Amino acid sequence: MAERWDAPTVSAGDVLRAEIAAGTEIGEEAARHMDHGRLVPDSVALASIESWLAAHRGAFVFDGFPRTLGQAEALDTLLARRESPLTAVLWLELPTEQIEERVSRRLVCQKCGRSFQVGTQVQSREEACPVCGGELTVRSDDNSAMLANRMEQYREHTQPVMDYYEERGLLRRIDASGTPEEVFARIAAATGTNLHWEVTA
Ligand code: AMP
């Protein structure tokens, strides 16, 4: 998506994990919640996203943000100030069993941050990253107990965000089953010419 629309992507989870690795105050606070599969407080999520936005101009793709109504409202204010309102919200839908299955097979590269599925994209857990050669590891919250907490948080806090964007005509529901290529093709079809990136702020 980043390549297609020439727009940098930012994953809120990656930003928070980088804060934890750097030992910042935001990271310490974030870790207290992430270690239990809970969302971090809005103030923490917003602080990390706000500093990322301040350092980037033009179009962008956010991944995993906003995840609460409070974050969605605060993001509207931030983007209005920047004069770059959202053009679309992609809601990737997948049955719980398939989410569990993907999480149980996910490995993440310590060097470039890309994710891979064992069995399809890499053959074993001992392999190096096929893109950069970095070490592939399992995320500390990718286990069934933590996933159950994360799904609970999703139902309670994130599901309502869907209505918020539906009411504003921004929501695009995407069937996230199948291969990455198939999902991307659906995203491209659902957004098509509706996405315009001549943002100048
Ligand atoms: P992810 O990498 O998107 O799966 O996120 C991993 C964890 O980071 C989540 O379980 C939350 O603890 C935290 N996190 C990521 N994004 C947010 C957000 N927008 N708001 C609150 N917590 C978040």
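Just so you know, ligand 1 is whichever comes first in the structure, and atom 1 is the first atom listed for that ligand. These figures come from a predicted structure and were not determined experimentally.
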Atoms of ligand 1 less than 4.0 Å from [X] heavy atoms?
{"X": "Leu16", "result": "13 (C), 14 (N), 15 (C), 23 (C)"}
{"X": "Met34", "result": "7 (C), 8 (O), 12 (O), 13 (C)"}
{"X": "Arg150", "result": "4 (O), 10 (O)"}
{"X": "Arg38", "result": "11 (C), 12 (O)"}
{"X": "Phe65", "result": "19 (N)"}
{"X": "Ala45", "result": "20 (N)"}
{"X": "Gly13", "result": "2 (O), 5 (O), 15 (C), 16 (N)"}

**Asked** Non-hydrogen atoms of Gln71 versus ligand 1: any pair closer than 4.0 Å?
**Response**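 Within the 4.0 Å threshold, so yes.
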**Message:** Taking a cutoff of less than 4.0 Å between a non-hydrogen atom of the residue and any ligand atom, is Arg17 in contact with ligand 1?
**Reply:**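 Yes, that is the case, since the closest heavy atom of the residue is under 4.0 Å from the ligand.
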**Prompt:** Residues two or more places apart in sequence or in another chain: which of them pass side-chain hydrogen bond (donor to acceptor under 3.5 Å, both in side chains) with Glu19?
**Reply:**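 Glu19 satisfies side-chain hydrogen bond (donor to acceptor under 3.5 Å, both in side chains) with Thr24 only.
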**Prompt:** Within 45° of the axis and under 6.0 Å from the centre of the six-membered ring of Tyr164, does NZ or CZ of Arg168 qualify?
**Reply:**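 Relative to the ring axis of Tyr164, which defines the angle, Arg168 lies inside both limits.
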**Prompt:** Can you tell me the protein heavy atom closest to atom 6 (C) of ligand 1 and the distance?
**Reply:**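 The closest one turns out to be Arg139 NH2, 3.4 Å.
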**Asked** Counting only heavy atoms, which portion of Asp14 has something under 4.0 Å from ligand 1: side chain, backbone, both, or neither?
**Response**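 No part of Asp14 is near ligand 1 at this cut-off.
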**Request:** Using a 4.0 Å heavy-atom threshold (strictly under), name the region of Arg106 that reaches ligand 1: side chain, backbone, both or neither.
**Result:**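 No part of Arg106 comes within reach of ligand 1.
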